[in-house]
Amino acid sequence: MKKQIGGEYNHLKIEPKWRKVWEKKKVNLTKDTAKGKKFYVLDMFPYPSGTGLHVGHPRGYVATDVYSRYKRMHGFNVLHPMGWDSFGLPAENFAIKNKINPVISDKINVKRYKEQISILGLNYDWSREINTTDPNYYKWTQWIFLQLFKKGLAYESFEPINWCPSCKTGLANEDLEDGKCERCGTVVEKKPMRQWVLKITDYADRLLKDIDDLNWPESVKESQRNWIGRSEGAELEFKVVDSKSSIKVFTTRADTLFGVTYVVLAPESKLVGELKTQIKNWPEVEKYMAEAKTKTEIERTAVNKSKTGVALKGVFVINPATGEKVPVWMSDYVLADYGTGAVMAVPAHDERDFAFATKYNLPIKEVIIPVRIDKRNPPVPGKEKVTRQNVQVVVRNPKDNKILCLQWKKHDWRTFPMGGTDGEDILTAAKREVLEETGYKNLANGKILGGQVRAEYFAAHKDVNRVSYTTLVSFDLKDEERAPISKEEADQADVFWADLKTLTVDFMTHAEMDIWLERIGKEVTAYTSTGVLINSGKFDGTDNEKAEKEITKAFGKVKVSYKLKDWVFSRQRYWGEPIPVVHCDKCGVVAVPEKQLPIKLPKVKFYEPTGTGESPLAAITKWVNTKCPKCGGKAKRETNTMPQWAGSSWYYLRYINPKNKKALVDKKKEKYWMKNGVDLYVGGTEHATRHLIYARFWHKFLFDIGAVSEKEPFKQLKNQGMVLGSDSRKMSKRWGNVVNPDEVVKNVGADALRVYEMFMGPFEQEIAWSTDNMVGSRRFLDKVWKLQERISGNPLRLTSELIAPRVSRNQEVDHKFETLLHKTIKKVTEDIVNFNFNTAISAFMILVNLAEKIEITKADYEIILKMLAPFAPHMTEEIWAKLGHKKSIHLEKWPDYNEKKIISEKIMVMVQINGKPRASFEMPVGSTQAEVEKAAFARDDVSKWLTGKEIIKKLFIKERILSLITN
RNA sequence: GCUCGAGUGGCGGAAUAGGUAUACGCGCAACACUUAAAAUGUUGUCUGCGAAAGCGGAUGCGGGUUCGACUCCCGCCUCGAGCACCA
């Protein structure tokens with residue numbers, strides 16, 4: 001057996017060898033020059049859990065690695081760092097369970113993560129490694145807190161907050177999923193307690209506005225917009241009768257002000273105290289408030305829950321628009337912490353108010369009605385306008401569900417029985433019309449289906465424009481008994497019964513038909529859509545959108561509300577950054593002087609959360625008892641710690657200057673590396689509304705105090721899709737579907753894993769892992785390796801007939817390969833830039849499939865290797881060295897393509913006949929229509945479709961298509 | 001309920017300023033090499049009719065625009081994500 005001169009591709013030898021060389025030669029260290037074009041590529045740093053990495057984690061890391069190597073080969077000064085986000089509950093819970101100091105388990109986990117990441121051959125500059133639990137790091141996290149505190153953006157609050165009874169800590173709104181603790185899934189409670197809160201709402205407007213300029217996935221931007229939840233509306237004041245108090249409400253529907261029939265307060269409303277003396281049923285109200293407190297968020301907001309509430313008897317307020325006295329209620333459908341904690345209720349035009357009003361028998365006053373202009377008989381300009389009150393009647397026969405209709409004789413009209421009401425009761429008028437027009441006598445279950453609809457049309461027989469206000473009424477037919485119909489009516493229309501399905505907008509003549517279809521046979525509730533105002537004094541007839549502005553101006557002021565809440569920033573747990581303040585008996589809350597930072601987390605014996613609202617730190621009296629920096633008197637340290645999101649809200653800045661002892665980052669270096677922000681940030685979507693909002697908030701704050709030079713931290717964001725187990729479930733111990741990268745690296749090599757991670761599917765898409773599919777990636781690398789044997793004139797080349805070229809070198813082959821090579825350079829270049837790694841790999845495969853069939857030159861092979869180097873850094877480096885290079889391939893320049901070589905002089909032209917592709921053939925580039933036609937008609941596969949036919953239309957698109965239409 | 005995204009072979013997926021759908025990979029089948037297997041290589045692999053040449057059909061469903069639609073428009077269905085009593 002012949003020994004292969006090219007040698008065996010043994011990843012087990014090659015990969016560790018080169019990693020050592022790179023480390024020794026410091027290939028991956030970033031120059032700290034602050035000169036030249038920079039590119040900052042950032043991964044969301046991991047939380048090093050005890051379970052280690054699975055093959056999903058490297059997907060993002062490999063992508064940033066490929067991208068950063070690609071940028072380096074373009075001459076950029078690239079920063080690509082890695083670190084650890086180690087504070088947090090799992091480490092603490094592990095410590096509790098195993099009685100191990102989290103500092104120690106942290107060290108073990110970081111070591112394991114780093115090993116796993118290292119064997120992938122990623123080009124991180126480890127000299128910049130950071131860890132959020134390192135006091136030299138969290139010194140600056142605490143420093144930022146102090147700056148926030150000084151600016152009044154960190155404050156103590158005693159409002160009820162989300163409390164997880166299992167984790168025994170308060171949580172921010174962002175830490176909840178469906179009202180449950182994001183960590184452990186326990187339903188959270190509302191618990192009033194002292195806590196630290198950051199005033200992120202001060203930045204709500206800027207956080208929202210600046211989203212527009214970010215090069216981020218649309219879904220993440222949309223999530224943030226939703227989360228911030230800006231809504232513009234009006235603040236209106238309702239004076240309380242016989243009191244100095246007044247109730248302010250926030251509404252986005254000021255146009256419905258005339259329809260207010262009551263006002264509702266949230267159970268937590270502070271106003272209740274002011275009104276207490278007026279409330280006649282105080283015990284009842286107090287009971288309701290107490291009940292509301294014990295309910296969880298889930299119980300209160302359950303979708304199908306029926307509304308509850310209690311009237312504040314004796315309390316009335318004045319509608320500022322009408323001067324009407326309306327009652328005040330309390331209900332937990334009103335949220336205390338949104339808007340003003342009070343709403344004006346307009347049951348006619350709000351679903352929630354409607355449900356509440358129906359349940360408690362409160363009046364419903366309609367002030368907005370829809371408008372329809374009849375398209376078949378539009379109003380004629382200049383004609384007199386006549387207003388009419390109408391009723392239209394839907395009579396259903398319960399036996400066959402058919403609806404009673406009229407077919408008009410003189411016109412092609414189909415309508416329901418209808419007519420003017422002339423001030424009659426609506427149901428009476430409706431019954432009368434049915435009797436007169438159809439003769440049916442016995443109707444049951446009369447129901448008014450919603451409010452009036454205004455319609456405008458031209459009544460030709462009266463030569464006037466009519467404006468009708470129509471009410472729709474429904475009945476069930478009791479029996480078939482009919483009275484005779486007058487001749488006049490009988491001459492006008494025929495009676496027929498129709499299936500509801502056939503009563504479409506086109507079939508029926510009513511201009512209001514689309515609205516009727518939404519009401520017939522359905523539960524009619526509030527009308528929440530657009531229209532014109534009625535029952536609204538001088539605003540009657542005004543378009544509601546216009547009226548909203550005018551009424552706001554007349555009776556209140558414009559107000560903006562946000563869904564975003566201030567960030568609950570304290571945790572009653574051990575494993576987090578201590579909040580650097582002390583509580584002094586004399587001076588109150590006092591900031592720790594910056595000189596004293598970091599306030600180190602002391603060692604404790606017990607990590608268990610106390611559940612009392614104090615962290616386990618409270619038990620360390622030595623640590624807790626201190627001196628007040630202001631008066632020197634006795635003081636106690638703050639024992640709450642910061643949430644996990646604190647350290648990650650600014651870590652990207654520390655990589656720039658990780659050892660700086662004087663500042664969180666050197667200003668000059670920050671200005672260089674953060675110009676336009678982090679250039680590329682890659683991580684999972686799970687951080688869309690937490691980390692990514694918090695970090696933007698802190699960055700904007702740091703910008704405001706002059707610590708950083710840009711207003712946004714992350715210019716471009718890419719989300720990697722999650723890698724699922726081969727069973728399409730989330731990879732987890734629980735399902736036993738976790739694939740460990742170490743195993744894969746051992747079996748097929750880090751390079752094959754890297755190539756597969758990039759090839760498996762679109763980067764941003766979720767995808768199931770498949771070890772079977774991965775063999776394709778390894779085979780591809782094997783082929784690239786074996787190309788060594790195909791180099792013409794290379795001493796490495798094998799001469800055995802087995803691997804002799806199947807196609808000998810000639811001009812045509814050379815040309816074909818050259819064209820493909822340059823096309824591939826172009827494609828791979830563009831694909832990397834656009835994160836289309838899967839198609840980049842596919843382009844490589846196509847090129848290599850051709851290359852392995854022919855002889856190639858050393859120069860061409862080197863081009864392939866250089867392009868492949870970011871994907872398969874070990875193997876390409878090995879071949880590169882074997883080809884005689886002394887310097888690393890990773891310091892090479894990225895190959896250029898020649899646009900001229902991509903364009904071939906011949907091109908495929910297609911002939912379509914009657915829209916079907918019938919023939920395709922090669923033509924020289926630039927062929928004219930006449931030339932293509934001549935060539936086409938000479939072909940059998942074209943002419944056979946044309947015999948006996950006449951060409952009636954020709955269409956020619958140069959270098960693409962000739963389209964022929966025959967008769 | 002509202003907002004956003006996606007539906008293409010047995011599987012992962014290509015192809016959208018409208019122009020030969022199914023590239024590339026996996027799997028499968030046959031063949032070659034082998035005592036044999038693995039590995040490797042070669043060929044084939046959407047579907048219906050047909051011996052073949054060939055002809056027709058198919059990109060979630062139904063319409064439309066166009067010489068021509070995976071791509072654009074209208075109406076649905078399904079799946080995924082985010083928000084959800086936010087006034």
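Proteins come first, then strands; the chains are lettered A, B, ... in the order of their sequence lines, and each starts at number 1.
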**Pairwise distance NZ(Lys221(A)) to CG(Asn215(A)) - rounded to 0.5 angstrom** = 7.0 Å
**Request:** Among rC85(B), rG13(B), rA23(B), find the nucleotide with the atom closest to the side chain of Pro762(A).
**Result:** rG13(B)
**Message:** Under 4.0 Å, counting only non-hydrogen atoms across every strand here, what does Gly229(A) touch: a base, just sugar-phosphate, or nothing?
**Reply:** nothing
**Request:** Look at all strands and tell whether Ile961(A) reaches a base, only sugar-phosphate, or nothing, counting heavy atoms closer than 4.0 Å.
**Result:** base
**Prompt:** Dot-bracket for RNA chain B, 5' to 3', with Watson-Crick and G-U pairs under 3.5 Å, [ ] for crossing pairs and | for other-strand pairs: what is it?
**Reply:** (((((((..(((......[..[.)))((((((.......))))))((((....))))].(((((..]....))))))))))))....
**Message:** Base, sugar-phosphate or nothing for Gln765(A)? Non-hydrogen atoms, less than 4.0 Å.
**Reply:** sugar-phosphate
**Prompt:** What nucleic acid atoms does Val334(A) come within less than 4.0 Å of, heavy atoms only: base, sugar-phosphate, or nothing?
**Reply:** base
**Request:** Determine, for Arg918(A) against Asp941(A), whether the closest basic-nitrogen to carboxylate-oxygen distance falls under 4.0 angstrom.
**Result:** no
**Fill in**
Asp332(A) has its side chain closest, among rG12(B), rC85(B), rG19(B), to rC85(B)
**Item:** Distance, P atom - from rC85(B) to rU71(B), rounded to whole angstrom
**Value:** 38 Å
**Message:** For rG60(B), does the O4'-C1'-N9-C4 or O4'-C1'-N1-C2 angle fall within 90° of 0, making it syn, or is it anti?
**Reply:** anti
**Request:** When you get a sec, tell me which of rA87(B), rU20(B), rC24(B) is the closest nucleotide to the side chain of Pro917(A)?
**Result:** rU20(B)
**Asked** Asn838(A) has an atom CG; how far is it from atom P of rA14(B), in whole Å?
**Response** 5 Å
**Request:** Starting at atom CG of Leu781(A), determine the distance to atom P of rG25(B), rounded to an integer number of angstrom.
**Result:** 13 Å
**Asked** Taking OP1 and OP2 of rG19(B), is either one under 4.0 Å from a side-chain nitrogen or oxygen of Arg918(A)?
**Response** no
**Asked** With rounding to whole Å, what would you report as the distance between rU45(B) and rG9(B) at their C1' atoms?
**Response** 10 Å
**Prompt:** Taking OP1 and OP2 of rG57(B), is either one under 4.0 Å from a side-chain nitrogen or oxygen of Lys916(A)?
**Reply:** yes
**Message:** Could you check whether atom NZ of Lys816(A) has more than 12 heavy atoms from other residues, nucleotides or ligands sitting under 6.0 Å from it?
**Reply:** no
**Closest listed nucleotide, where the reference is the side chain of Val775(A) and the choices are rC26(B), rU20(B), rU42(B)** = rC26(B)
**Donor-acceptor pair (no angle test) under 3.5 Å: Glu766(A) side chain, rG80(B) base** = no
**Message:** In whole Å, I'd like the distance from the CH2 atom of Trp216(A) to the P atom of rG5(B).
**Reply:** 18 Å
**Item:** Interatomic distance, Asn226(A) CG vs rC2(B) P [rounded to whole Å]
**Value:** 14 Å
**Request:** Report yes if a donor N or O on one partner sits less than 3.5 Å from an acceptor N or O on the other, where the partners are the side chain of Lys954(A) and the base of rC67(B); otherwise report no.
**Result:** no
**Prompt:** Got a second to check how far Lys823(A)'s NZ is from Ile846(A)'s CD1, nearest 0.5 Å?
**Reply:** 10.0 Å
**Prompt:** How would you label the contact of Lys953(A) with the nucleic acid (heavy atoms, under 4.0 Å): base, sugar-phosphate, or nothing?
**Reply:** sugar-phosphate
**Asked** Checking all strands, does Ser920(A) fall into the base, sugar-phosphate, or nothing category for heavy-atom contacts under 4.0 angstrom?
**Response** base
**Request:** Keeping the roles fixed (side chain from Tyr262(A), backbone from Pro363(A)), state whether a donor-acceptor pair exists under 3.5 Å.
**Result:** no
**Prompt:** Do the side-chain N or O atoms of Lys944(A) get closer than 4.0 angstrom to the phosphate oxygens (OP1, OP2) of rC55(B)?
**Reply:** yes
**Prompt:** What integer number of Å spans the P atoms of rU42(B) and rC26(B)?
**Reply:** 12 Å
**Request:** Taking atom P in both rG12(B) and rU65(B), compute the distance separating them and give it to the nearest angstrom.
**Result:** 35 Å
**Prompt:** Can you check the Gln224(A) CD to rC4(B) P distance for me, whole Å?
**Reply:** 17 Å
**Asked** Does OP1 or OP2 of rA87(B) have a side-chain N or O of Tyr333(A) closer than 4.0 Å?
**Response** no
**Prompt:** What nucleotide among rG12(B), rC4(B), rC26(B) has an atom nearest to a side-chain atom of Ser219(A)?
**Reply:** rC4(B)
**Message:** By the 4.0 Å heavy-atom rule, please label Arg779(A) as base, sugar-phosphate, or nothing.
**Reply:** sugar-phosphate
**Request:** Quick one: label Ile767(A) by what it contacts on the DNA or RNA (base, sugar-phosphate, nothing), any heavy atom closer than 4.0 Å.
**Result:** sugar-phosphate
**Message:** Please report the distance, rounded to the nearest Å, between CE in Met908(A) and P in rU20(B).
**Reply:** 11 Å
**Message:** How many whole angstroms separate atom CZ of Arg778(A) from atom P of rA39(B)?
**Reply:** 13 Å
**Asked** If you measure from the C1' atom in rA37(B) to the same atom in rC33(B), how many Å do you get, rounded?
**Response** 12 Å
**Request:** Taking atom C1' in both rC11(B) and rC28(B), compute the distance separating them and give it to the nearest angstrom.
**Result:** 11 Å
**Message:** Below the 4.0 Å mark, does rC4(B) have OP1 or OP2 next to a side-chain nitrogen or oxygen of Ser223(A)?
**Reply:** no
**Prompt:** With a 6.0 Å cut-off on ring centres, are Tyr288(A) and Trp329(A) close enough?
**Reply:** no
**Message:** If I take atom CH2 in residue Trp769(A) and atom P in nucleotide rC26(B), what distance separates them, rounded to the nearest angstrom?
**Reply:** 15 Å
**Request:** Name the nucleic acid region contacted by Met344(A), choosing base, sugar-phosphate or nothing; use a 4.0 angstrom heavy-atom cut-off, strictly under.
**Result:** nothing
**Request:** Select base, sugar-phosphate, or nothing to describe what Ile965(A) touches, counting heavy atoms under 4.0 Å on all strands.
**Result:** sugar-phosphate
**Prompt:** Under 4.0 Å between a Lys/Arg side-chain N and an Asp/Glu carboxylate O for Lys270(A) and Glu159(A)?
**Reply:** yes
**Prompt:** Starting at the 5' end of RNA chain B and moving along, which residue's nearest nucleotide shows up first, Ser770(A) or Val343(A)?
**Reply:** Ser770(A)
**Request:** Answer yes if the side chains of Gln224(A) and Trp216(A) hold a donor-acceptor pair under 3.5 Å, and no otherwise.
**Result:** no
**Prompt:** Ignoring hydrogens and angles, does a donor from either the side chain of Ser963(A) or the base of rC67(B) sit under 3.5 Å from an acceptor on the other?
**Reply:** yes
**Item:** Aromatic ring proximity Phe835(A)/Phe837(A), centre distance under 6.0 Å
**Value:** yes
**Asked** To the side chain of Gln912(A), which of rG68(B), rG25(B), rC55(B) is closest?
**Response** rG68(B)
**Request:** Could you please name the option among rC85(B), rG25(B), rU20(B) that lies closest to any side-chain atom of Lys783(A)?
**Result:** rG25(B)
**Request:** Indicate yes or no: does Arg225(A) engage Glu218(A) in a salt bridge with an N to O separation below 4.0 Å.
**Result:** yes
**Request:** Could you give me the CA-CA distance, side-chain angles and deciding distance for Lys944(A) and Asp940(A), then say whether salt bridge (Lys or Arg N to Asp or Glu O under 4.0 Å) is met?
**Result:** CA-CA 6 Å; Lys944(A) 77 173 186 185; Asp940(A) 285 350; over 6 Å; no
**Request:** Looking at every strand, decide which applies to Asn849(A) at a 4.0 Å heavy-atom threshold: base, sugar-phosphate, or nothing.
**Result:** sugar-phosphate
**Request:** Write down the distance separating the C1' atoms in rC70(B) and rG57(B), rounded off to the nearest Å.
**Result:** 16 Å
**Prompt:** Does Arg960(A) make a side-chain N or O approach to OP1 or OP2 of rU20(B) shorter than 4.0 Å?
**Reply:** no
**Request:** Nearest 0.5 Å please: distance from the CD1 atom of Ile551(A) over to the NZ atom of Lys549(A).
**Result:** 12.5 Å
**Request:** For Thr689(A) and for Lys565(A), locate the closest nucleotide of RNA chain B by heavy-atom distance; then report the residue assigned to the nucleotide nearer the 5' terminus.
**Result:** Thr689(A)
